[in-house]
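Reminder, nothing fancy here: chain letters follow the sequence lines and each chain counts from 1.
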2 protein chains.
Amino acid sequence: MIDKFIEILREHNLKKTPKRIAILQLLESQSTYISPLELWDILKQQFTRIGLPTVYRILQQFQEIGIVASIQKEDNQLYYFLCSTQQDHHHFICRKCHKVSCVEYCDFDTIKQLVENQLQSKAETHFLQIEGLCKECRDS
Amino acid sequence: MIDKFIEILREHNLKKTPKRIAILQLLESQSTYISPLELWDILKQQFTRIGLPTVYRILQQFQEIGIVASIQKEDNQLYYFLCSTQQDHHHFICRKCHKVSCVEYCDFDTIKQLVENQLQSKAETHFLQIEGLCKECRDS
DNA sequence: TGATAAACAAAAATCATTTTCATTTAGAAT
DNA sequence: ATTCTAAATGAAAATGATTTTTGTTTATCA
Ligand SMILES: [Mn+2]
Ligand SMILES: [Mn+2]
Ligand SMILES: [Zn+2]
Ligand SMILES: [Zn+2]
């Protein structure tokens with residue numbers, strides 16, 4: 001699976017570096033969202049030298065090339081998670097374990113119509129995020 | 001209309017102060033979202049002494065008592081607008097003039113079912129924000 | 001085995017937001 | 001009207017996330 005991402009890196013002239021690979025592996029091992037600082041704390045155990053700006057930069061680049069996506073939280077900080085599905089879709093977030101799951105559902109056409117009818121405005125984009133408890137967290 | 005808000009302030013033991021009234025009037029005169037800094041810049045023309053923390057504080061309090069709401073932007077900064085509708089609804093935002101309109105539509109039941117079926121998870125809350133061009137901006 | 005562009009660490013800078021604290025004010029009670 | 005008290009405020013400093021800068025190192029390719 002990592003190989004697929006390395007290939008995407010190459011396509012975008014991004015080199016295959018130990019830091020990038022480690023970040024990809026970490027993001028893949030857990031399907032949860034994570035902040036640059038949290039990621040840095042984990043990476044510091046693997047690397048004697050690793051700067052926080054590097055973590056920020058890599059996550060930004062990953063987002064630009066469509067490997068990761070970000071979530072919106074009340075605290076207005078950055079949180080990323082692995083998501084390379086290009087198709088229009090949304091995310092379900094577990095408020096307890098922070099796991100992120102893709103939701104294959106989009107009712108944008110209905111919304112578009114509604115905005116057109118109610119407000120005579122043109123809806124172009126939308127952002128939907130669902131929160132709750134994942135299968136595991138809701139049972140336990 | 002301002003009187004209604006003053007009443008809400010009183011209900012929450014918040015005093016009717018010149019700064020609070022000015023902010024309410026400004027928010028009401030334009031139906032656009034605004035950042036604390038932008039609001040401060042305008043208020044500085046009316047008041048010889050007005051601190052930025054005051055603007056932050058008042059907007060926060062207004063949000064807590066349900067007079068204003070905030071929007072989510074890519075830059076992760078705070079933006080507020082007047083919205084005292086308590087009913088579950090969403091917002092349409094004009095990307096050009098920053099006007100915010102309430103959208104009377106919510107399909108949460110469908111989403112809930114879908115999340116239950118697809119992920120066996122429990123959807124509790126959701127956030128939807130629609131962007132585009134408002135009636136005026138799309139015509140011009 | 002170079003050459004070269006990209007990646008990196010470290011330190012400092014930036015900048016939005018919050019905290020602290022001394023002073024002022026709104027609103028209620030005399 | 002005067003006094004009282006909790007709430008509100010301004011100024012300055014603190015905080016903390018994110019970004020920029022710069023000199024050095026590294027991955028990739030010829
Ligand atoms: Mn959708
Ligand atoms: Mn809804
Ligand atoms: Zn969970
Ligand atoms: Zn507009």
Side-chain angles (χ1 to χ4, degrees), chain A residues 2-3 5-26 33-65 67-68 70-80, chain B residues 2-3 5-26 33-65 67-68 70-80:
Chain A
I2 292 289
D3 291 344
F5 293 124
I6 308 294
E7 175 56 28
I8 298 174
L9 290 185
R10 183 174 294 107
E11 284 167 14
H12 290 269
N13 290 320
L14 296 180
K15 292 174 179 171
K16 173 185 170 182
T17 69
K19 313 287 165 69
R20 286 198 179 124
I21 294 168
I23 289 179
L24 281 173
Q25 283 171 338
L26 277 168
Y33 68 80
I34 192 167
S35 71
L37 198 76
E38 288 165 343
L39 198 46
W40 188 45
D41 278 336
I42 300 173
L43 290 165
K44 276 190 288 190
Q45 297 167 12
Q46 291 179 47
F47 297 93
T48 41
R49 317 181 95 232
I50 170 109
L52 184 52
T54 299
V55 180
Y56 273 93
R57 240 181 291 127
I58 290 177
L59 288 171
Q60 256 176 215
Q61 293 164 333
F62 282 4
Q63 183 167 37
E64 279 161 17
I65 65 178
I67 285 181
V68 307
S70 57
I71 70 150
Q72 295 290 340
K73 283 233 302 177
E74 288 287 313
D75 63 10
N76 276 8
Q77 286 175 216
L78 294 169
Y79 294 92
Y80 295 96
Chain B
I2 293 289
D3 291 345
F5 294 125
I6 308 292
E7 176 56 29
I8 298 175
L9 290 185
R10 184 175 293 107
E11 285 167 13
H12 290 269
N13 290 320
L14 296 180
K15 292 175 178 170
K16 173 186 170 182
T17 69
K19 311 289 162 70
R20 286 197 180 126
I21 293 167
I23 288 179
L24 281 173
Q25 284 172 336
L26 278 169
Y33 67 80
I34 193 166
S35 71
L37 198 75
E38 288 165 343
L39 198 46
W40 189 45
D41 278 336
I42 300 173
L43 290 165
K44 276 190 289 190
Q45 298 167 11
Q46 291 179 50
F47 298 94
T48 40
R49 315 182 96 231
I50 169 107
L52 185 52
T54 299
V55 181
Y56 272 93
R57 255 179 316 218
I58 290 178
L59 289 171
Q60 254 176 220
Q61 293 164 333
F62 282 3
Q63 183 167 38
E64 279 160 16
I65 66 178
I67 286 180
V68 307
S70 57
I71 71 150
Q72 295 291 341
K73 283 232 303 177
E74 288 287 312
D75 64 9
N76 276 8
Q77 287 175 215
L78 294 170
Y79 294 92
Y80 295 95

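- Residue A/Lys19 places no side-chain atom within donor-acceptor reach of the base of C/dA7, judged by atom type and a 3.5 Å distance cut-off alone.
- Donor-acceptor pairing under 3.5 Å is lacking for the side chains of B/Gln77 and B/Ser35.
- Nearer to the 5' terminus of DNA chain C, by closest-nucleotide assignment, is the contact made by B/Tyr79 (compared with the other of B/Arg57 and B/Tyr79).
- Side-chain nitrogen and oxygen atoms of A/Tyr56 include none within less than 4.0 Å of the OP1 or OP2 phosphate oxygen of D/dT19.
- With distances taken from any side-chain atom of A/Pro53 to the nucleotides C/dA11, D/dT9, C/dC8, the minimum falls on C/dA11.
- Taking the nucleotide of DNA chain D with the nearest heavy atom to each of A/Lys16 and A/Gln60, the more 5' of the two is matched to A/Gln60.
- The residue A/Leu37 sits apart from the nucleic acid: no heavy atom pair falls under 4.0 Å.
- For B/Leu52, counting side-chain heavy atoms from C-beta on, the closest listed nucleotide (C/dT17, C/dC8, D/dT9) is C/dT17.
- Here the CG-CD1 distance, from B/Leu24 to B/Ile6, works out to 6.0 Å after rounding to the nearest 0.5 Å.
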| said: One pair to check against side chain to side chain contact (heavy atoms under 4.5 Å, CB included): B/Lys16 and B/Arg20. What are the steps and the verdict? | reply: CA-CA 7 Å; B/Lys16 173 186 170 182; B/Arg20 286 197 180 126; over 6 Å; no

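- Separating the CD1 atom of B/Ile58 from the P atom of C/dT17 is a distance of 16 Å, rounded to the nearest angstrom.
- The 5' end of DNA chain C is approached more closely, in terms of each residue's nearest nucleotide, by A/Leu14 than by the other of A/Leu14 and B/Arg49.
- Taking the side chain of A/Leu78 as heavy atoms from C-beta on, and the options D/dT28, D/dT18, D/dG10, the nearest nucleotide is D/dT18.
- Distance CG (A/Asn76) to C1' (C/dC15): 14 Å, rounded to an integer number of Å.
- In this structure, B/Lys73 places its NZ atom 13 Å from P of C/dA16, rounding to the nearest Å.
- In this structure, B/Ile21 atom CD1 and D/dA8 atom C1' are separated by 13 Å, rounded to whole Å.
- Of all nucleotides listed (C/dA5, C/dA10, D/dT18), C/dA5 comes nearest to the side chain of A/Lys15.
- Taking 4.0 angstrom as the limit, B/Thr17 places a side-chain polar atom (N or O) nearer than this to OP1 or OP2 of D/dT9.
- For B/Gln77, the side-chain atoms get nearest to C/dT17 when compared with the rest of C/dT17, D/dA8, C/dA10.
- Taking atom CD of B/Glu11 as the reference point, atom P of C/dG27 lies 15 Å away to the nearest angstrom.
- Remark: B/Leu26 CG to B/Ile21 CD1 distance equals 12.0 Å, nearest 0.5 Å.
- We find that CG of A/Asp75 is positioned 17 Å from P of C/dA16, with the value rounded to whole Å.
- Residue A/Leu59 contributes atom CG, which lies 12 Å from atom C1' of D/dT18 at whole-angstrom precision.
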| request: Evaluate the criterion side chain to side chain contact (heavy atoms under 4.5 Å, CB included) for residue pair A/Phe62 and A/Ile23; output intermediate values, then yes/no. | output: CA-CA 10 Å; A/Phe62 282 4; A/Ile23 289 179; 4.0 Å; yes

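- Rounded to an integer number of Å, the gap from CH2 of B/Trp40 to P of C/dC15 is 14 Å.
- Comparing C/dA9, D/dA8, D/dT18 by their closest approach to the side chain of A/Pro36 singles out D/dT18.
- In this structure, the separation between CD1 on A/Ile50 and NZ on A/Lys19 is 4.5 Å, given to the nearest 0.5 Å.
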